[in-house]
Amino acid sequence: MSKKNSRAWFVCPQWKTLVADRYASDLEAARALHANPRVLAKLRSGTPVAKSTLLKLLRRAARHPAGVAPADLIVDTRTR
């Protein structure tokens, strides 16, 4: 496993429209998605998280547009 500072971090610009609008609070979304409220707060604010975490939550939400894979909704924030 690579060091934390060299890992890639990802965001989902559509998170607010896909999930956050459906739930009134991060706590309510955390219960429904079986996730940590801190991670959901990061996603709502646009703070990058690990790709595996983001994919897991997008799959659990299952609210992505028809025909679009969850992996297509993720944006890499690494600077090269």
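Computed over heavy atoms, backbone and side chain alike; hydrogens, waters and symmetry mates excluded.
Criterion: ILVMFWY side-chain heavy atoms under 4.5 Å apart, direct or through other members. Under it, Leu40 and Leu18 are part of a common hydrophobic cluster. The hydrophobic clustering, which links ILVMFWY residues whose side-chain heavy atoms are closer than 4.5 Å, places Leu73 and Val11 apart.
To the nearest 0.5 Å, atoms CH2 (Trp15) and CG (Leu43) are separated by 5.0 Å. One finds the CD atom of Gln14 at 9.0 Å from the CG atom of Leu58 (value rounded to the nearest 0.5 Å). To the nearest 0.5 Å, atoms NE2 (His34) and NZ (Lys56) are separated by 11.5 Å. Note: Ile74 CD1 to Leu55 CG = 3.5 Å, rounded to the nearest 0.5 Å. Remark: Leu33 CG to Glu28 CD distance equals 10.0 Å, nearest 0.5 Å.
Residues Arg44 and Tyr23 approach most closely at NH2-O, 4.0 Å, considering heavy atoms. Here the closest heavy-atom approach between residue Asp26 and residue Pro37 is recorded as CB-O, 4.2 Å.
Thr53 is linked by a side chain to side chain contact (heavy atoms under 4.5 Å, CB included) to Val39, Ala50, Leu57, counting only residues two or more places apart in sequence or in another chain.
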